[in-house]
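Everything on this sheet refers to the single structure shown next.
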2 protein chains.
Amino acid sequence: MSPSNPSQTRKTPRQRRSAETVEAILTAAAHILEKEGFEAATTNRVAVKAGVSIGSLYQYFPNKESLVRALNDRHTQEILELLQRRFAEIRDAPLEVCVRAIVQAMVDVHRVNPALHRVLVNIVPGIGGLAETKALEDAAAALLTQFLKARKTELRPLDPELSAFMLVHAVEALTHAAVLEHPELLKGETFVEEASRMILGYLRPSALDHLGT
Amino acid sequence: MSPSNPSQTRKTPRQRRSAETVEAILTAAAHILEKEGFEAATTNRVAVKAGVSIGSLYQYFPNKESLVRALNDRHTQEILELLQRRFAEIRDAPLEVCVRAIVQAMVDVHRVNPALHRVLVNIVPGIGGLAETKALEDAAAALLTQFLKARKTELRPLDPELSAFMLVHAVEALTHAAVLEHPELLKGETFVEEASRMILGYLRPSALDHLGT
DNA sequence: GGAAGATGTGAGTAAAAGCTCACATTATTT
DNA sequence: AAATAATGTGAGCTTTTACTCACATCTTCC
C-alpha cells in the first residue's frame, strides 16, 4: 500500500513482455466482470483467463481491489475524454443541437461497454469503487455547468450547478435504463428525441416560470 | 407480512416466539446492510446481531439470498403501497399538483430508509436482486402510464408507456442522487420544484412540438 | 558468454464464508 | 404427566478465496 503510487500497481512493467501481461490481465478481468459480475471475477479465474499465472497477477496488482480500480480508472478516463471532446465540438451550435449531441454522447459512452459500465458503477465494496464514479459524475456536471453558464441568455433563470446536477443524474439514469431494458430504443432516434425534449423542457423559458425562484 | 411465503422461508413460524426470531433476523440484516453493505452482512454476523444462533437463521431462511430477498420483498411492498395510495389521492387534482405529489411521494419513499434502499437496488448478485427491483419499477411505470392516459387532454401527444418509462427512471435517479449527495435539497422545496419542472416540461405541449413524431 | 535484473510459475496457505447436524430447550396437545 | 411438535443452539465441516513464496525462465547489457 504505497500511497505515492497512483495507479496502485506493484511493479511498473519495464519490458514489452510484461506490459502485455498486464494488458492480458486487465482484458480478462473486464471480460469476466462483464459477463459474470464482480463475484465471479476471482483473481485465480482472471489469471487463468488471461493465460498467466496467479503469481504474475500479484506481481502487478497488490490485491483484487487495485485490479478493479485500474479497470475503472481506465474506463472513467475514456468516458471523460469522449465527453470533453463532444462538448468542445458543439461550443457554437444552436441549443437544440447541443442538447442532442450531449445525449448522443452519453448514449455512445454507454454503448462502448454497457455491461462493464454497469458492474463498475454498482460495485460498492466499501467506498472504493464509488469514489471514482462520483468523480466522473462531478466532472460531467462541471462540463455541463460551464455550458449552462455560457448559454445563460437562451435559458430560463436557473442555478447552473443545481441544474447540471439534475441533468447529469437524469440523463445518466435514462441511458442506463435504456441500455439495459430497452436497447432497441437506442437504435433509432426515439431515445435521443425523448431525452432531449426532457432536457429542453427543463432548461427553456416556459409558461411555468412562476414556479422557479 | 403474510405468512404465506412458500419459496422464501424454509419453515413458517407457528408460535409467537419464532415470529419474533424471524423479525429479529430481518431487522439485524437490515441494520448491517444499511451500515456496512452486502459483503459485511454475513449470515453469522446477522445471527449474532439478531441475538439468535446461526442454526435458527437457517431454520427460516434456506440461504443468504433468500434472507436478502425477503427484506427486499418487504421493502418493495411498502414502497408500492405508498405509491398506490398517493396516486389514488390525487386522481382529481390539477396536473401541477399531481406531479408535485408524485415527486414528493418518491422523496418520501426514499427517506424512509435510504441506505437500505440503495443497497437493495445495487446488490446485483447474479440476477436475483435485480428482478424484484425491476418489478417495482414496472409497477410504478404502470401506475404512471395509467395516469398519463387519464390526463391525455392536458398533455402533448405522447406514448404513455414510453413516457412513463422515461419519467420513472429519471425521477428515481434524481431522488437517489439527492438523498445520497445533497440531502439538504430535500429539506426545502427546491428539489420537488426542480424535478416537477423537468417532468412538466417533458409532458406539456410546448414550442418544441415539431420535434416529436 | 554470463551476470544481473526482470518476469513468470503454480502448489500451497490461511482466513473466511455459507451452511449442516446432532442435540437441547421450550411450547402445545393429549 | 407424558408425548409430540416446534423452536433454538453452536461447534465444526466444506468450499472458496485472496494471496505468498521459493524457484524457474527469459532479457538486457557488459
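Every chain is numbered from 1, with letters handed out A, B, ... down the list of sequences.
Every pair passing ring-ring contact (aromatic ring centres under 6.0 Å, His included) that includes a residue from residues 103-122 of chain A is listed here, sequence neighbours excluded: A:H75-A:H117, A:H110-A:H117, A:H110-A:H176, A:H117-A:H176.
In this structure, of C:dC19, C:dG8, D:dA6, it is C:dC19 that holds the atom nearest to the side chain of B:N63.
Regarding B:N44, its CG atom lies at a distance of 13 Å from the C1' atom of C:dA15, rounded to whole Å. A:Q59 has its CD atom 12 Å from the C1' atom of D:dC23, to the nearest Å. In this entry the distance linking CD of B:E23 with C1' of D:dG8 reads 18 Å, nearest Å. Between the P atom of D:dC26 and the CZ atom of A:R16 lies a distance of 18 Å, rounded to the nearest Å. Rounded to a whole Å, the CZ atom of B:F38 is 12 Å from the P atom of C:dA17. If you measure from atom CZ of B:R45 to atom P of C:dA17, you get 9 Å, rounded to the nearest angstrom. If you measure from atom CD1 of B:I54 to atom P of D:dA11, you get 12 Å, rounded to the nearest angstrom. Spacing between atom CG of A:L57 and atom P of D:dA18 amounts to 10 Å, rounded to whole angstrom units.
Contact annotation: A:T42 does not reach the phosphate of D:dT17 (side-chain N/O to OP1 or OP2, under 4.0 Å). When the side-chain nitrogen and oxygen atoms of A:Y58 are compared with OP1 and OP2 of D:dC19, one or more of them lie within a distance under 4.0 Å. For A:T43 and D:dC19, the shortest distance from a side-chain N or O to OP1 or OP2 is not below 4.0 Å. Taking 4.0 angstrom as the limit, A:T21 places a side-chain polar atom (N or O) nearer than this to OP1 or OP2 of C:dG8. Side-chain N/O atoms of A:Y60 include one lying less than 4.0 angstrom from OP1 or OP2 on C:dG8.
The shortest side-chain heavy-atom distance between B:E161 and B:K149 falls under the 4.5 Å cut-off. With a 4.5 Å cut-off on side-chain heavy atoms, B:F87 and B:L144 count as touching.
A:S56 comes within 4.0 angstrom of a base, heavy atoms only.
Salt-bridge check for A:K134 with A:D138: passed, with a basic side-chain N closer than 4.0 Å to an acidic carboxylate O.
Two residues, A:R17 and B:G55, neighbour DNA chain D, and the one matched to the more 5' nucleotide by heavy-atom proximity is B:G55.
For the pairing with B:F61, the side chain to side chain contact (heavy atoms under 4.5 Å, CB included) check across B:V68, B:T43, B:I25, B:V46 returns one residue only, B:I25.
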